[in-house]
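Below is one structure, written out as C-alpha cells; comments come after it.
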Amino acid sequence: DWGLTGELRLADGRISYDPQEVQIRQISVRLPVEYPLPAQPPDGEVSVGQMLWQSKPLGGLSGKLGMRPAGFWADLRHASKLFPGLNVQIRSEIGGGGATLAVTVPGYTPAAAIELGRIAPAAEGFNFQGRIAAEAELKTQDGAIRSNGRVRIDQGVLRQSSRQLVLEGIVCDLHLEDLIALRSAPRQQLQVAELTLGKLAIKAVSIDFQLESNATLFIEKAGLQWCKGMLQTQAFRLTPGRDEAEVTVYCDRLNLAMLLDQLGVAQG
C-alpha cells in the first residue's frame, strides 16, 4: 500500500486563438493531488487575470476546480469589464469520454445604456437598455458536440439617435437548438410595444421567427398597429448577402391622412 500527496501549480499561463482574436493571460492554477483519491478530494483554485476579444478587455475569471474519480470539474465566476455589473457563472466537467460546459447569466440590468457598437461594428450608434438573462449548455461525447441555449429580454429599449429610431417595451425569449450554427427552435417571438422612426409611430409589433443555419432569418409572420389600422405579412426570409426581400404586406383600415403625414408625402 502506498499513497501520494502533492500539488500541481501553473503560473502566468497564456492561451491564444488567432482566428477569433482571443487572448487569455495571467492564468494561475493550484490543484491538490492525492492518491488514492479520497471520498472528498480537496478543492483547488484557478484564476485568469485578463481575457481579450478583438483587443476588447472582457475581464477575468476566478473559482475552484478539483479532481473526481472520472476526471475534473471547475466552478468559475466571470466579472465582465465590457458590461460593468454583469456576472457569469460557469460550470464544467471533464471525464468519462466527454465534457460538459454550463454557462448562466442571472438577471442583469445595466446601470447605463449598452453601446452595441462596442460588441459589433455594424451596430455602431445603437444603444440598448433592459433586463437580460441567459443560459447555455454544451456537451461533447465520443467526438459529437451538442449545444443549446436560451436568452430572455424584457423591458428592453433600443435607440439610434441619428435615425431618430426608438424601440420601447422589447420582449423576447429566444431558444437556441444549436449554439455553433446559431439555429433556433421554430416560432420564436419578438414583441415591441412602441416603435418610432422619425415621424413614423408604430405600436404592438409582434414577429414570429426562426434563426436558420447559415445566419438566415425566417420571418414566419409579423404584425403591427399603424395609423389606426393593422399591417401583417406572410412568411419570408432575410438572407445574408441579399439586400432585397420579397414580401407581401396586408394593410387593413389605415388612416390615409395619418399615413401620408408620417411618410412626409403630403399634409393630410
Side-chain angles (χ1 to χ4, degrees), residues 1-17 20 22-53 56-111 131-153 173-182 185:
D1 295 329
W2 60 280
L4 170 68
T5 301
E7 193 171 74
L8 295 175
R9 287 181 177 267
L10 170 67
D12 198 26
R14 296 187 178 191
I15 298 173
S16 62
Y17 182 57
Q20 294 294 330
V22 173
Q23 296 284 333
I24 304 176
R25 302 171 181 170
Q26 302 170 17
I27 304 172
S28 175
V29 178
R30 182 187 65 82
L31 178 63
V33 178
E34 291 188 33
Y35 180 87
L37 199 65
Q40 292 185 333
D43 295 343
E45 299 172 347
V46 59
S47 67
V48 174
Q50 188 180 49
M51 296 190 298
L52 300 172
W53 172 61
K56 300 180 180 69
L58 302 181
L61 280 173
S62 62
K64 297 180 179 182
L65 79 165
M67 299 180 64
R68 287 180 175 171
F72 299 88
W73 63 270
D75 197 349
L76 309 174
R77 176 180 172 272
H78 164 59
S80 176
K81 283 189 175 179
L82 196 60
F83 306 114
L86 173 64
N87 292 304
V88 182
Q89 299 171 356
I90 304 169
R91 177 79 181 184
S92 64
E93 296 184 15
I94 301 175
T100 62
L101 175 67
V103 179
T104 303
V105 178
Y108 169 65
T109 303
R131 179 181 170 84
I132 306 170
E135 53 197 44
E137 185 178 60
L138 186 145
K139 294 183 178 181
T140 65
Q141 189 69 41
D142 300 327
I145 300 177
R146 293 182 298 166
S147 61
N148 63 82
R150 183 180 182 184
V151 180
R152 297 182 296 278
I153 298 174
D173 191 351
L174 175 62
H175 294 254
L176 294 167
E177 295 181 334
D178 188 334
L179 297 176
I180 297 174
L182 279 182

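Between the CZ atom in R9 and the CD atom in E45 there is a gap of 8.5 Å [rounded to 0.5 Å]. Put simply, CD1 on I153 and CZ on R131 are 12.0 Å apart, with the number rounded to the nearest 0.5 Å. Between atom CZ of residue R14 and atom CD of residue Q50 there is a gap of 9.0 Å, rounded to the nearest 0.5 Å. Considering CD1 of I15 and CD1 of I24, their distance stands at 4.5 Å, rounded to 0.5 Å. We find the NZ-CD distance between K139 and E93 to be 10.0 Å, quoted to the nearest 0.5 Å. Separating the CG atom in L58 from the CD atom in Q23 is a distance of 11.5 Å, to the nearest 0.5 Å.
At least one side-chain heavy atom of V46 sits less than 4.5 Å from a side-chain heavy atom of L76. Side-chain atoms of T140 and L138, non-hydrogen and from C-beta on, do get closer than 4.5 Å to each other. Side-chain contact between E135 and R152 is present, with at least one heavy-atom pair separated by less than 4.5 Å.
Heavy atoms from other residues, nucleotides or ligands lying under 6.0 Å from NZ of K56 number more than 12.
When every heavy atom of P69 is checked against every heavy atom of L37, the shortest pair comes out as N-CD2, 3.4 Å. Listed here is the closest heavy atom pair of P38 and P42: CG-CD, 4.4 Å. L65 and R30 get closest at one heavy-atom pair: CD2-O, 4.0 Å. When all heavy atoms are compared, the tightest approach of I180 to S147 is N-OG, 3.9 Å. Residues D173 and R150 come closest through the heavy atom pair OD2-NH2, 2.6 Å. In this structure, K81 and G59 approach most closely via the heavy-atom pair CG-CA, 3.8 Å.
The closest donor-acceptor contact from the side chain of S80 to the backbone of L86 lies at 3.5 Å or more, if one exists at all. Using a distance-only test at 3.5 Å, with no hydrogens or angles considered, no donor-acceptor pair links the side chain of H78 to the main chain of N87.
Remark: D75 pairs with W73, R91 by the side-chain contact (heavy atoms from CB on, under 4.5 Å) rule, at least two apart or across chains.
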Report, one line per pair, each donor and acceptor closer than 3.5 Å where one atom sits in a side chain of residues 100-110; sequence neighbours left out.
{"from": "Y108", "atom 1": "OH", "to": "P84", "atom 2": "O", "distance (Å)": "2.9"}

